[in-house]
Each structure stands twice: as C-alpha cells, then as structure tokens.
Amino acid sequence: MTKLEKTIHRPVLKISLDRHAWEEDEIVTEYPLTIFLNDEEFATIVCTPADLEEMVIGFLAAEGAIKSFEEIKQLVIDEAQGFAYVDLHKETILSQSFYSKRRITSCCGKSRQSFYFFSDARTAKPAEGAISITPEQCMQLMRELQSSSDIHRQTGGVHNAALCRADQVLLQYSDIGRHNALDKIYGKCLQDQIETKDKVLVFSGRISSEVLLKAAKIGAAVILSKSAPTDLALQLAEELNITAVGFIRQDKMNVYTHAHRIEVAAN
C-alpha cells in the first residue's frame, strides 16, 4: 500500500520585486476520510493524512457518539480507500434524527450559531481544573508550539495544537483543519487515559466558538492562542469556566476570561 504523504512537491513561479524564478515548493495535502459507524455512513472529514485513528476517536467523542475509548469494539482504517470502519459494543447512542451525513471540510464548514446543538449540550461541560500558569509560561508554550511543527515550517498550511502542563508540552498534532488537530489530541487522551482537567491547550488558530467547545469537551481549563477570539467564543468561555488567552505574540498577550488562573506579579 502506498504510504500516505502529508506533503507533495511541485514547481511554482516565485516572484519578488527584483526577481522571479521557478522553484520546487512543498505543499500540504488534503485527504478525505469517510467514517462508518456501526455500518452506517457517519461523516466525511477532510484532513491531513496522519494520526487518523486518534482523529476518528476524538471526533466521535466530540460528537457525543462515544464517551470512552472502551466503547469501541473495533476500529479499522482503510487508508487506500479513505474509509474508517468503527464498530461499537452497543448501538449508536444518539438517534439519527440528531445527525445527517456531513462533510467536515478543512475550512471547518458552516459556522454554528448556537451552543445548544444536541451533541454540544451533552458533551461540553464546565471546566473543573485547578491550574495556574504564568504569562512567561504561556509565551514559552506558544514558542514551543510554533517552533516544533516541521510540517508548518515546510508548508505554512496547517494548524498546530498541543496539550501541555504549565511548563511542558505533552502532545502535539498538526492538521489542515483546526478542529482535526484538536480531535487528534482528544483521541490520544482517550486512548491513553490522559487526565486533561489540569492541562492547557495551546493552539495556532483563532479561538472560535467551535474551537472553544472542543476545548470544553476535551476538559482543558485554559486555552492559549496566538490569534483572536470571537465574541461567541468568549461568551461560552465565561459560561464554561475556561480561561481564554489570545494574541500571544513575543512578550504580549490578552486574557479575556477567568483571569484568576493567570499568575500575574503585583505591580
């Protein structure tokens, strides 16, 4: 079977003000993976073709189809055909009336306008983590996230996400879809029974409402981003007891919600 490639090389015409030339460039690939749950088509996710098992597990948990890794009887991925077959020990928990066959694109698809989607209301719970972190640690974790992703340096075409302690990166994944990167973290945590409520999520993209909900489902109490949040994301962060920090760049950052977890020295 041909190994799935995360990037390809192709010639591109590179132009600057003083020169132009054809050069070989590295381009990130897109890979559609269709998930069948108990023999029924569930969703198609467009993703980076790596860490697919973790992504499928995390996606199913985020959607409320499973609560733990132990509920999965069998997971088989046919990389050549682009299919993932998941059998559960019991019937699918949710009625099909709550689902439709979907295509989850690398651009994250149609934006949700309300927190109260059925699967979100069932699986997004207020954070319980008793964690504190200094601004210096936030900035260091963001530097580590940005510097350690080879595929991001090579292509500039992926989002990066990491699960961390205040002083250490534990897991890191990249994907063309920002939700996929978070699902890979979630799936790995379920597989290895990693405690998440005392951890920090570090993320390269903006904090949208959907990203905030992913963080809540994973169970992290703090989310750090180099980019901006949205208003709805901050409303959800307030409600779900999550500390949201954005615009972490060089030696600056903005703390938007639940600032008690950020250890700021007295002036």
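Just so it is clear, the structure is predicted and the values come from calculations on it, not from any experiment.
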Would you say [X] has more than 12 foreign heavy atoms packed within less than 6.0 Å of its [atom1]?
X: E70; atom1: CD; value: yes
X: H260; atom1: NE2; value: yes
X: Q250; atom1: CD; value: no

Any idea which heavy atoms bring [X] and [Y] closest together, and the distance?
X: Y186; Y: A62; answer: CE2-N, 3.7 Å
X: T230; Y: S208; answer: OG1-CA, 3.9 Å
X: Y173; Y: E54; answer: OH-OE2, 3.7 Å
X: N241; Y: A127; answer: ND2-O, 2.8 Å

#### Entry: Parallel, tilted or perpendicular: rings of F42 and F59 (30°, 60°)
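Rings of F59 and F42: perpendicular, as their planes differ by over 60°.
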Indicate, with yes or no, if [Y] and [X] share a hydrophobic cluster defined by side-chain heavy-atom contacts under 4.5 Å among Ile, Leu, Val, Met, Phe, Trp and Tyr.
X: M139; Y: L141; value: yes
X: L88; Y: V56; value: yes
X: L234; Y: I242; value: no
X: Y31; Y: Y85; value: no
X: I72; Y: F83; value: no

#### Entry: Side chains of Y256 and N254, donor plus acceptor under 3.5 Å
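Distance-only check passes for Y256 and N254.
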#### Entry: Donor + acceptor pair across side chains of T29, E5 (<3.5 Å)
no
### Query
Tell me the salt bridge (Lys or Arg N to Asp or Glu O under 4.0 Å) pairs involving residues 192-208, sequence neighbours left out?
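Those involving residues 192-208 are K188-D192.
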Under 3.5 Å, is there a donor-acceptor pair between the side chain of [X] and the main chain of [Y]?
X: R249; Y: K226; result: yes
X: T243; Y: H258; result: yes
X: T48; Y: K6; result: no
X: S225; Y: G246; result: no

### Task
In sequence, state the C-alpha distance, the side-chain angles, and the governing distance for Q172 and E144, and then conclude on side-chain hydrogen bond (donor to acceptor under 3.5 Å, both in side chains).
CA-CA 10 Å; Q172 181 169 341; E144 290 185 33; over 6 Å; no
### Candidate list H159, K214, M55, test side-chain contact (heavy atoms from CB on, under 4.5 Å), partner H179, passing option
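It is K214, the one option of H159, K214, M55 that forms the side-chain contact (heavy atoms from CB on, under 4.5 Å) with H179.
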#### Entry: Residues I27, T7; criterion side-chain contact (heavy atoms from CB on, under 4.5 Å); working and verdict
CA-CA 5 Å; I27 310 296; T7 65; over 6 Å; no
### Query
Hey, does L4 have a side-chain heavy atom less than 4.5 Å from the side chain of L52?
yes
### Task
Determine whether D87 and N38 make a side-chain contact, defined as any pair of heavy atoms from C-beta on separated by less than 4.5 Å.
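A side-chain contact exists here, since the closest heavy-atom pair is under 4.5 Å.
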### Task
Please round to the nearest 0.5 Å and tell me the distance separating atom CD1 of I185 and atom CG of L201.
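Between atom CD1 of I185 and atom CG of L201 there are 5.5 Å.
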When the side chains of residues 163-170 are checked against the rest of the protein, which donor-acceptor pairs come out under 3.5 Å, sequence neighbours left out?
unit_1, atom_1, unit_2, atom_2, d
R165, NH1, Q168, OE1, 2.8

### Query
R19: what forms a salt bridge (charged side-chain N to carboxylate O under 4.0 Å, His left out) with it, not counting sequence neighbours?
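With sequence neighbours excluded, R19 shows a salt bridge (charged side-chain N to carboxylate O under 4.0 Å, His left out) to E23, given in chain and number order.
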